[in-house]
Structures are given as C-alpha cells and as structure tokens.
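Notes for the one structure printed next.
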Amino acid sequence: MTILVFGKTGQLAQELAVYDGVICLGRDQADLSHPAACAAAIRQAAPQAVINAAAYTAVDKAEEEEALANVINGAAPGAMAAACAETGIPFVTVSTDYVFDGSGEAPWQPGDATAPLNAYGRSKLAGEEMVRAAGGTYAILRTSWVVSAHGTNFVKTMLRLGKERERLTIVADQTGAPTPARDIAAACLEIARQLAEDPGKSGTYHFAGQPETSWADFARGIFARARVDCAVEDIPTSAYPTPAARPLNSRLGCTSLETVFNIPQPDWRPGLDQILKDLGELS
Ligand SMILES: NC(=O)C1=CN([C@@H]2O[C@H](COP(=O)(O)OP(=O)(O)OC[C@H]3O[C@@H](n4cnc5c(N)ncnc54)[C@H](OP(=O)(O)O)[C@@H]3O)[C@@H](O)[C@H]2O)C=CC1
Ligand SMILES: Cc1cn([C@H]2C[C@H](O)[C@@H](COP(=O)(O)OP(=O)(O)O[C@H]3O[C@@H](C)C(=O)[C@@H](O)[C@H]3O)O2)c(=O)[nH]c1=O
Ligand SMILES: [Mg+2]
C-alpha cells in the first residue's frame, strides 16, 4: 500500500517515515497554510491512502496566531479529506484531547460533547468538522500527550530541565496519559489498511496510552527511569499560569478503537523506556 503522509520532521511523521511504502511530505513540498496545495499534492501522488501527521502544535503561541492555526489544523485537513473523498481513498488525521473542556473525571468518549478551552483545541475541532463534512472514508484519531525521541515533547523537556535543576514544580491536577508516537504511527497505518477494506469503519476514535497519570507523576517516572536526580514538587494548574488554558481531565476512552479495529491501548511505560534508550538515557 502506498501511503502519502503530510509532515516529515514531527514526532509522528518521523515514526511513520520508517515504514516501506510511506512517502512523507515536508513543509517545502506541501505547506499546510496553503490547503489547495495539499489537495494538489494528493492528486499528483495518487496514493492508496493519506495520513495527516502535520499540525500547528504550539499550544500557547496559537492564542496569538489563531487564524494561522485554523488554516493549518482546520482548512488544510479539510482540503486533504475532500481530495481523498474525490479519489476514493481513506484519510486518517490525528486530533487531540484538547477538544474537550476537561470537566469531570470520567474518560471522554468519542461521541461526547466537545468544548475546547483554547485556540489550538478550537482549530483542531474545526479540522475534525471539515474532515467529517468531506463525506469520504476517514478516521479522526484523537490522542494525548505525545512523546518520542524526536522533536519537542515533555520527556525531552524534563530531561533537559531535570539535569539543570535540583527541583521542578509540575502540575499535578491535570490527568491523562502519555502516548508514544511510535504506537500512534502503527495505529494510523493499521487504520488506513482496514478502512481501505471497509469504509464503514469511518469515524472518530480515541487512542491513548495507559495507565493514567498526572504530568507531575509522569515527570517523576521519567527521572526515575533515566536516573536523573531532580525532585518534583506537585503544584495546581493555578500556580502555573500559561497563555492557553489546559483541560484538567484529559482521559480518553479507547474501547471503540479496540472493538472496531482490534487495536489495543498501549502501556506507555515500555514505550518510555524505548524512548530513553533511543536518546541514550537508559541502557
Ligand atoms: N504533541 C502532542 O502532545 C499531541 C499532538 N497531537 C496531534 O498529533 C499530531 C502529530 O503531532 P506531533 O507529531 O506531536 O507534532 P509535532 O509538533 O512534532 O510536528 C508537527 C509537524 O507539523 C509540521 N507543520 C507545522 N506547520 C506546517 C505547515 N504550515 N506546513 C507543513 N507542515 C507543517 C511540522 O513541520 P516543521 O518542522 O516544518 O514545522 C512538523 O513536521 C498532530 O495532529 C497533533 O495535533 C495530539 C495530541 C497531543
Ligand atoms: C515545563 C513545565 C511544564 N509544566 C506543565 C505545563 C503543562 O500543563 C504540562 C505539559 O507541558 P507541555 O508544554 O508539554 O504541554 P502542552 O504543549 O500543552 O501539551 C499538549 O500538546 C498538545 C499539542 C496536545 O494535543 C496535548 O495532548 C498535550 O500533549 O506540564 C509544569 O507544570 N512545569 C514545568 O516546568
Ligand atoms: Mg508542547
């Protein structure tokens, strides 16, 4: 199966790039701030499926650049989905826990009401709506707290800060689950393959690691595994002000992905160990 991937340098894109039959388009080949160019790239490459692994992911900066975030996270996947619908191929795109308002303590299910707290979440939700409206074969895969050895993420930030400082204050009242980009890549490919066989599986699904944790406990776990000597002090979100508000409850209910696609939730702990090994922080 030939699969066209939007994104080349990002966490997910780099994990997809290692598979045979995957062609990754970087920003120089397809700029998502020009949605029509993304549609044209699909028509030109004539793949058997498309995965969108590119996005505007700078959550705080999006507050100042909401219009640009809306084009990259909204109109661009919309145009990709329309081009895929035209040519009759499956489209897989990735979305986020940040489409929810984070209320309550129950895991969010795919059909639950969305109410993003920030500009990034609104832009991702706009993308979801445009992808559904395109009327083709699609999967929207919402995930959370993506980590890998590549790009920028919480694991790499903690390793950097933890080596510089004796103590860090980390929010302890945001609950969710880290998700290794490597597992998301494998899931996206399996979903694309199954959608090509059965377009009836189209829909919105959740995919996150397990078990649930907080950012503070996750930081402690990273330091324990990598043997970094840095104390973590729990703080409430109110003590860590940021331009963008973040949801307190980021739990994602992932059972429908397992029922429909037979893709189980990964345990993020061996995934973290593999990332630390890839970074040379664990032998
Ligand atoms: N990171 C996370 O914690 C989470 C991510 N997600 C979603 O998962 C998906 C993958 O995220 P992740 O791999 O972490 O993202 P990254 O931030 O690691 O990478 C984003 C990618 O998008 C590309 N990109 C950004 N703007 C453009 C543009 N205008 N034209 C072309 N390419 C562009 C970047 O390219 P360049 O290097 O050139 O800027 C980069 O390759 C996204 O849909 C994201 O919203 C969901 C939940 C959590
Ligand atoms: C560096 C640092 C962060 N934090 C907090 C801030 C935040 O609530 C949490 C995680 O920080 P991050 O910068 O990784 O947060 P953020 O970039 O918002 O992470 C999100 O990215 C987008 C793209 C998503 O879709 C989400 O699923 C989620 O992964 O840790 C501290 O409390 N102390 C610290 O020293
Ligand atoms: Mg971030």
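Both ligands and their constituent atoms are indexed starting at 1 by order of listing.
- One side chain, Q194 or E190, offers a donor N or O that lies under 3.5 Å from an acceptor on the other.
- Ligand 1 lies out of reach of Y56, whose nearest heavy atom is not under 4.0 Å from it.
- No part of T237 comes within 4.0 Å of ligand 2, judged by heavy-atom distances.
- Heavy-atom contacts of S95 reach the following atoms of ligand 1: 46 (C) (cutoff under 4.0 Å).
- Under a 4.0 Å heavy-atom criterion, L168 is not in contact with ligand 2.
- The distance from ligand 1 to the heavy atoms of W145 drops below 4.0 Å at these ligand atoms: 3 (O), 48 (C).
- Between L252, V147, L32, it is L32 that holds the heavy atom closest to atom 30 (N) of ligand 1.
- Residues I42 and F91 have side chains not in contact (no heavy-atom distance under 4.5 Å, counting atoms from C-beta outward).
- Looking at V171 against ligand 2, both its backbone and its side chain come within 4.0 Å, counting heavy atoms.
- For D97, no nitrogen or oxygen atom sits less than 3.5 Å from a nitrogen or oxygen atom of ligand 1, counting backbone and side chain alike.
- The contact set between ligand 1 and V94, taken as ligand atoms under 4.0 Å from a residue heavy atom, comprises 7 (C), 8 (O), 9 (C), 43 (O).
- Close approach of ligand 1 to I72 (heavy-atom distance below 4.0 Å) involves ligand atoms 29 (N).
- Counting only N and O atoms by type, the side chains of Q174 and T237 include a donor and acceptor under 3.5 Å apart.
- Counting heavy atoms closer than 4.0 Å to ligand 2, residue W145 contributes atoms from both its backbone and its side chain.
- In the model, D97 has a side-chain atom that pairs as donor or acceptor with a side-chain atom of S250 under 3.5 Å.
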Before giving the answer on side-chain contact (heavy atoms from CB on, under 4.5 Å), spell out for R220 and D234 the whole-Å C-alpha distance, their side-chain angles and the decisive distance to 0.1 Å. CA-CA 10 Å; R220 275 187 277 269; D234 286 1; 2.6 Å; yes
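- Rounded to the nearest 0.5 angstrom, Q48 CD and C84 SG are separated by 12.5 Å.
- Under the 4.0 Å criterion applied to side-chain N and carboxylate O atoms, R246 and D173 are not assigned as salt-bridge partners.
- Between the CZ atom of R142 and the OG1 atom of T114 there is a distance of 6.5 Å, given to the nearest 0.5 Å.
- Nearest-heavy-atom check against atom 25 (C) of ligand 1 across A55, P77, A69 picks out A55.
- Of the candidates R132, E128, Q109, T204 forms a side-chain hydrogen bond (donor to acceptor under 3.5 Å, both in side chains) with just one, namely R132.
- Atom CG in L159 sits 10.0 Å away from atom CZ in F154 (nearest 0.5 Å).
- In terms of polar-atom proximity, R27 is counted as a contact of ligand 1, with an N or O under 3.5 Å from an N or O of the ligand.
- Residue A30 approaches ligand 1 through these ligand atoms, each under 4.0 Å from one of its heavy atoms: 30 (N), 31 (C).
- Here is the list of ligand 1 atoms found below 4.0 Å of a heavy atom in S33: 29 (N).
- Among Y120, Y98, Y240, Y56, the residue whose heavy atom sits closest to atom 19 (O) of ligand 2 is Y98.
- An N or O contact shorter than 3.5 Å is missing between T143 and ligand 1 by distance.
- Where the criterion is an N or O separation shorter than 3.5 Å, residue side chain and backbone included, A54 fails it with respect to ligand 1.
- Remark: distances from the non-hydrogen atoms of G151 to ligand 1 are all 4.0 Å or more.
- One finds the CG atom of L141 at 9.5 Å from the OG1 atom of T93 (value rounded to the nearest 0.5 Å).
- Of the polar atoms of R246, at least one N or O is found under 3.5 Å from an N or O of ligand 2, judged by distance alone.
- An N or O contact shorter than 3.5 Å links K124 to ligand 1 by distance.
- Using a 4.0 Å heavy-atom cutoff, Y120 is listed among the residues neighbouring ligand 1.
- Heavy atoms of K124 found under 4.0 angstrom from ligand 2: none, in either backbone or side chain.
- Heavy-atom proximity to T57, at under 4.0 Å, picks out these atoms of ligand 1: 15 (O), 16 (P), 17 (O), 44 (C), 45 (O).
- In terms of N/O distances under 3.5 Å, ligand 2 is not approached by T143.
- Considering backbone and side-chain N/O of Q174, one or more are found under 3.5 Å from N/O of ligand 2.
- Heavy atoms of Y98 found under 4.0 angstrom from ligand 1: none, in either backbone or side chain.
- The shortest N or O to N or O distance between S144 and ligand 2 is not under 3.5 Å.
- Checked against a 3.5 angstrom limit, the closest N/O atoms of S144 and ligand 1 fall outside it.
- Here I170 has heavy atoms under 4.0 Å from ligand 2 in both its backbone and its side chain.
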